[in-house]
Structures are given as C-alpha cells and as structure tokens.
Amino acid sequence: MERLIKGDSVSTRRKRKTTTTTSIREKKKKKLTSSSSLPYDLLVMIVARVPRSYYRTLSLVSKSFRSMVVSPELYKVRSLLGLTETCLYVCLRFGFTCYKWYTLSKSSGGGGYVLARVLMPDDDDSPRMVGLCYSDLVAVGSDIYNIGVADKNKTMPTSGVSILDCKTHRWRKSPRMPVELTELSARFLDRKIYVLGRRFHQDDGSWKSSFEVFNPNTQTWDLPSCGGFDSARINFLIDGKLHVVTLFDGVFAFDSKQCRWDLVEQYPSTGTMCSGSFCEVDNVLYSVSKDGALTWYDSDSTSWRDLNGLVGLPKLPSPLGSYVKLTGYGGGKMMVFWNCNLGIHRPFQRDTIYCAEIALERRNGDCWGKLEWFDTMLSVPVGTKFVKVLAVTL
C-alpha cells in the first residue's frame, strides 16, 4: 500500500509537472499569436525556413520569438523539411575559471558575422581546468559532449560526461567513463567517440595511456579498443582513420575492422599538432605551423606541406598557447579563429578575435585554399584563450 501511495504521488507530481510545462508553452503560443496576425503553427513553418545564423536577430524581436527559436516544435519542422545546417560553437576561457560559449551568427546590422553569446542556465557542466588539464569536447550531430567534466571540488583525474543540447542550450548528464582519465583527447569516428587519456595504476604507481570507446546511440561504453600505449599524447583523423601520436614509439593507425593498431610512422612529423590547432576536412588533416602558416599533411610522403593560395589572409600567430583554432565547416571549407596574442597583459587592455572562411580544393596532388572572407568577431580581454571550436548539425 505504501509503495502504491508513493507511486501515485510520483505519478501525480509528474502529471502536474507535464501539465504545467504544457500550459506555459500554450501561453507562449497564445502571446506570440496575439502579437501577430498569423497562427502560431504558420509562424513556426516560416521561421523554420530561416537560416539558423539569423536566429540571434529573431530572438531580439520579443521574448516569444526567443522561446520559439529554441522550441522542440521548430527543430522538428526543420528536420521534416530537411533544413539542417552546420553551425559553429566557440568556447573561450577568460582567466583560469571563467568559460563562455559563443555561436557564429549574422550581425543584426546585416552583412557580416559576429560571435554571439550563448546563455546557459547551468554552466557547471562547461569545460574547466582540472589541475593543469582540460576535459575535451567533441560534436556529435546537434550535441556537444564534454568528456571528462570534473565534479565540483574534485581534482584530476575524472570520469564525468555531460552533453550540451545545441537546440535548447541545456546540459544533461551522460553515463560516466568506466575509468578516471586525465589529459583527454576525444574524436568522433564511425558513429563512436574514441577517448584517449592517461590513467593512474595503483598497483605500480604509474601513469599509462588508456583508450575508451563510447556509443552515443546506445549511450554505453564499449570494451576498450585493443592496444595500449605507454606514452600516447593525442589522437586525430587522417584519410578517415584514427591515428595516435606517441612520444617514443611513433604514429599508429587504428583498423576498426580488424581491431588492431598499425605503425604508420616511426619518427612522427605529426608532432607539430600537439598545440591543438588542427582539424580534419574531407579526410585531409590541416594544421598551423610554428611560424603561423596553414599546412596540410601529405600521408603519401608523410610530411607537412604549405596550403597554396590564401591571398589576402593575414599571418596567423603561433599556435602555441591556444590562440589559433581550426575546424571543418560544411562541405570542403575550413574556419580559422585567432586573436592577436599581444603578449603583455595590462589592466583593461583589450584583444580582438578574428575569423576567416577558407574554401579548400584538391588539385593535381596538392591542396589549395581560397579566402572567402575574414573579419573581426569579438573584443575580449588580453589573455583570452580558445578552448575549442566545434561544428554541429542543426
């Protein structure tokens, strides 16, 4: 009887909560409809056809439009109409403890782009420093996974995982990793997330590399992929395969069908990517050299080559220090974000974040880039650093 009463109580609370949420949504619909001569459903159909980069401008019209652009109904209609698009999210770190999210949006004045602030009600799940290390972020569809998010008042290592829904800008929890890792590096390949990190072994008091695999569809952690490395530092994609850079043993490629690691380079020139300024576009790996030049990795000759073209692109700062970030954008394009890195930090001194869109092309065994545009995006305090730039599908 007690269980039945408790069950009824829980059921009643859930029903009351659902009824309250539904009534609030209905009130917003009525308010939006009353301020317009068009029915709500028709407004949703119209807004669904507007590119998402303009949603920031629409949200400034009224609170009702602000609610509509993050409503489940809107994205359901967009999905049914096949109107998904690639959107960019940028995570910046101010000082050592403040993290803020931005998205690339159309300027309300028209013409150019800006980095618009994304407000989140529960920023506790945003990436932050744990000891001297970050968690890592990886985009899967319309979600951003924060792998290795630290619990409050906990030092490294960590096993927490959170998911940012980029449609509603709300975080939710995900199953924790089976082991605690630090110095994480995560990549999405073949519908799975591969996480490389360092794990502490209590039996001999040593730190060793560990590889964990997560299935976003089933929300489960699979058995660790075969193979382990004592000195692995970073993983990335080349020619559609997962690669791991080690300190002493070379570069290994993962064969997912055979579940094995193959040595592909004994003395890795790929070590230049340890700054984190690299991305994969159409199975080609791009990076930034120490002198600020965009380069691409030729897997046939196992060497880095300069990206041809790029007329009008300013010289980029050194990738060391997280002042440059690259990401793939749509089909055959790359977005480059950087700030000036003024070096000397003075009180109230400002820095500027820039963005460039580059169209990429393979031609006669070489890679060429064409600068589509570049512009200033945001004024920030000196010392602001990029955590990560991610492309999500919405």
Side-chain angles (χ1 to χ4, degrees), residues 70 75 84 86-93 99-104 118 120-130 133-152 154 156-199 209-225 232 234-237 242 244 254 256 276 278-280 322 325-329 335 386-394:
V70 295
Y75 287 96
T84 57
T86 302
C87 301
L88 291 182
Y89 278 74
V90 180
C91 184
L92 298 177
R93 177 167 67 88
Y99 295 83
K100 296 180 181 179
W101 286 87
Y102 297 82
T103 183
L104 189 67
V118 178
M120 300 179 186
D122 41 6
D123 271 344
D124 286 339
D125 291 307
S126 287
R128 56 184 180 270
M129 294 205 58
V130 183
C133 307
Y134 292 109
S135 57
D136 200 9
L137 300 165
V138 61
V140 180
S142 61
D143 293 329
I144 294 177
Y145 281 75
N146 188 10
I147 310 291
V149 59
D151 298 325
K152 287 184 177 180
K154 179 176 174 60
M156 65 177 186
T158 179
S159 63
V161 180
S162 294
I163 306 173
L164 174 62
D165 184 347
C166 294
K167 296 177 181 178
T168 61
H169 295 152
R170 291 184 177 275
W171 290 96
R172 66 181 187 271
K173 296 295 183 182
S174 184
R176 305 177 73 91
M177 289 186 291
V179 296
E180 294 184 331
L181 298 178
T182 184
E183 297 183 24
L184 300 174
S185 177
R187 294 291 176 269
F188 181 66
L189 176 67
D190 295 333
R191 294 177 293 181
K192 291 185 178 182
I193 299 175
Y194 293 84
V195 183
L196 173 67
R198 298 182 67 216
R199 178 186 178 187
S209 298
S210 179
F211 221 81
E212 306 297 328
V213 184
F214 184 72
N215 189 328
N217 291 330
T218 61
Q219 289 289 296
T220 56
W221 289 93
D222 298 340
L223 292 175
S225 86
I234 198 167
N235 61 24
F236 52 88
L237 303 177
L242 188 71
V244 165
F254 180 61
S256 58
F278 65 92
C279 72
E280 306 89 15
S322 300
K325 284 294 180 182
L326 314 178
T327 189
Y329 182 65
M335 304 297 287
F386 293 97
V387 177
K388 203 151 191 180
V389 179
L390 303 111
V392 300
T393 304
L394 293 170

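What you are looking at is a predicted structure, and each value in this text was computed from that prediction instead of being measured.
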Stepwise side chain to side chain donor-acceptor pair (under 3.5 Å) test for E212 and S210
CA-CA 7 Å; E212 306 297 328; S210 179; 2.9 Å; yes
Before giving the answer on side chain to side chain contact (heavy atoms under 4.5 Å, CB included), spell out for M177 and V161 the whole-Å C-alpha distance, their side-chain angles and the decisive distance to 0.1 Å.
CA-CA 7 Å; M177 289 186 291; V161 180; 4.2 Å; yes
Take Y99 and V387, measure what side chain to side chain contact (heavy atoms under 4.5 Å, CB included) needs, and give me the verdict at the end.
CA-CA 9 Å; Y99 295 83; V387 177; 3.7 Å; yes
Would N146 and S162 satisfy side chain to side chain donor-acceptor pair (under 3.5 Å), going step by step from the backbone distance to the final call?
CA-CA 5 Å; N146 188 10; S162 294; 5.7 Å; no
Start with the C-alpha gap between S159 and R176, add the side-chain angles, then the distance that decides, and say whether side chain to side chain donor-acceptor pair (under 3.5 Å) holds.
CA-CA 5 Å; S159 63; R176 305 177 73 91; 3.2 Å; yes
CA sep, side-chain torsions, deciding dist, call: T182, T158, side chain to side chain contact (heavy atoms under 4.5 Å, CB included)
CA-CA 7 Å; T182 184; T158 179; over 6 Å; no
Run the side chain to side chain contact (heavy atoms under 4.5 Å, CB included) check on L326 and V389 step by step: do they pass?
CA-CA 7 Å; L326 314 178; V389 179; over 6 Å; no
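A donor-acceptor pair is defined here as one N or O able to donate and one able to accept, closer than 3.5 Å; such a pair exists between the side chain of K388 and the backbone of L137. Although no hydrogens or angles enter the test, the distance criterion places no donor-acceptor pair under 3.5 Å between the side chain of W101 and the main chain of M120. Remark: the backbone N or O of C166 is paired with a side-chain donor or acceptor of Y89 at under 3.5 angstrom.
Taking both residues in full, the closest heavy atoms of V90 and L92 are given as CG1-CD2, 3.8 Å, listed atom of the first, atom of the second, then distance. Across all non-hydrogen atoms, the minimal contact from G197 to L184 is CA-CD2, 4.1 Å. Annotation for A186 and I193: closest pair CB-CG2, 4.3 Å, computed over non-hydrogen atoms. Residues C279 and G328 share a closest heavy-atom pair of SG-N, 4.0 Å. Scanning both residues, L164 and H169, for their nearest heavy atoms gives CD1-C, 3.9 Å. When every heavy atom of T168 is checked against every heavy atom of V70, the shortest pair comes out as CG2-O, 3.7 Å.
We find the OG-CG distance between S185 and D136 to be 5.5 Å, quoted to the nearest 0.5 Å. Separating the CG atom in N215 from the CZ atom in R191 is a distance of 8.5 Å, to the nearest 0.5 Å. Atoms NZ and OH, on K192 and Y194 in that order, are 5.5 Å from each other to the nearest 0.5 Å. Rounded to the nearest 0.5 angstrom, I147 CD1 and L196 CG are separated by 13.0 Å. From M335, atom CE reaches atom OG1 of T327 across 9.0 Å, with rounding to the nearest 0.5 Å. Atom CG of residue L394 and atom CG of residue D165 lie 8.5 Å apart, to the nearest 0.5 angstrom.
Annotation: side chain of R187 is in contact with side chain of E280 (closest heavy-atom distance under 4.5 Å). Side-chain contact between Y145 and F214: present, with at least one pair of heavy atoms (C-beta onward) separated by less than 4.5 Å. With a 4.5 Å cut-off on side-chain heavy atoms, I163 and I144 do not count as touching. Contact check for C91 versus F386: no side-chain heavy atoms found under the 4.5 Å cut-off. Put simply, the side chain of T103 does not reach to within 4.5 Å of the side chain of L88, judged on heavy atoms. T393 has its side chain out of reach of S142: every pair of non-hydrogen atoms, C-beta onward, lies at least 4.5 Å apart.
A salt bridge does not link K167 to D143: none of the charged nitrogens lies less than 4.0 Å from a carboxylate oxygen.
In this structure, F236 and F278 have perpendicular ring planes: the angle between them is above 60°, well past the 30° mark.
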